[in-house]
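One structure is given here, and the rest of the page talks about it.
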Amino acid sequence: LPDNVAMKQDLTDAEIDELDALLQATPAPNEPLDVLMLDGYLVGTLVQPKVVPVEEWLPAVFDLEGRVLAADTDPIWLARIRALIERRQQALNAAISEEGWFDPLIVDTDRLPPVSEYEPVQSPISRALLPWAAGFHWAQERIPDLGDIEDDAIASALARIYRHLPAETDED
């Protein structure tokens, strides 16, 4: 395949599973995103009003506390996970910019355990979208430029995503 086609080729289901396993294998003490949160995070980096360099957004994939990977991290693991992450990001970028839509990775709610009586009741849609929305929110926390724009359309779009997150306080 020519370079521009190969760069836009999305991950296969097997590669998504591999990426999820690689994320789970992130060396301790780092706490990485899971593959569903990663998908929302990648979109959150892409919709910013400026191009965000990979060096700026990639470290946040590997730790929710902001810790960097250890210097002795396996270079083969790092090269493979980075290649898969960047390929998914490029495929999302191509879908958004060329097609105007994309297929997010979401939870298969049929495979989730039943909601416990102690959890707030969520719609099946919110249960499916919660990890993706959390990843998108993580990108907005790390790179707040989009949320800083005073535009009703942007505020409305963000509200549509954030409504799938659990309330942080009673007021929320």
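The structure presented is a predicted model; accordingly, all values stated were derived computationally and were not measured.
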Non-hydrogen side-chain atoms of [X] and [Y] separated by less than 4.5 Å:
X: Q89; Y: W57; result: yes
X: T26; Y: L69; result: yes
X: L146; Y: L158; result: yes
X: L130; Y: P166; result: yes
X: V68; Y: D63; result: no
X: I149; Y: P49; result: yes
X: L36; Y: W132; result: no
X: L23; Y: D34; result: no

Please name the pair of heavy atoms, one in [X] and one in [Y], separated by the smallest distance, quoted to 0.1 Å.
X: R88; Y: L105; value: NH2-CG, 3.9 Å
X: A128; Y: I106; value: O-CB, 3.5 Å
X: P104; Y: D39; value: CA-OD2, 3.4 Å

Do Q9 and Q90 get their side chains close enough for a donor-acceptor pair, meaning under 3.5 Å?
no
Can you confirm whether more than 12 heavy atoms, excluding those of [X], are under 6.0 Å from its [atom1] atom?
X: E150; atom1: CD; answer: no
X: D148; atom1: CG; answer: yes
X: D151; atom1: CG; answer: yes

Under the salt bridge (charged side-chain N to carboxylate O under 4.0 Å, His left out) rule, what do R80 and E18 come out as? Steps first, then yes or no, please.
CA-CA 10 Å; R80 179 63 179 158; E18 178 188 2; 2.8 Å; yes
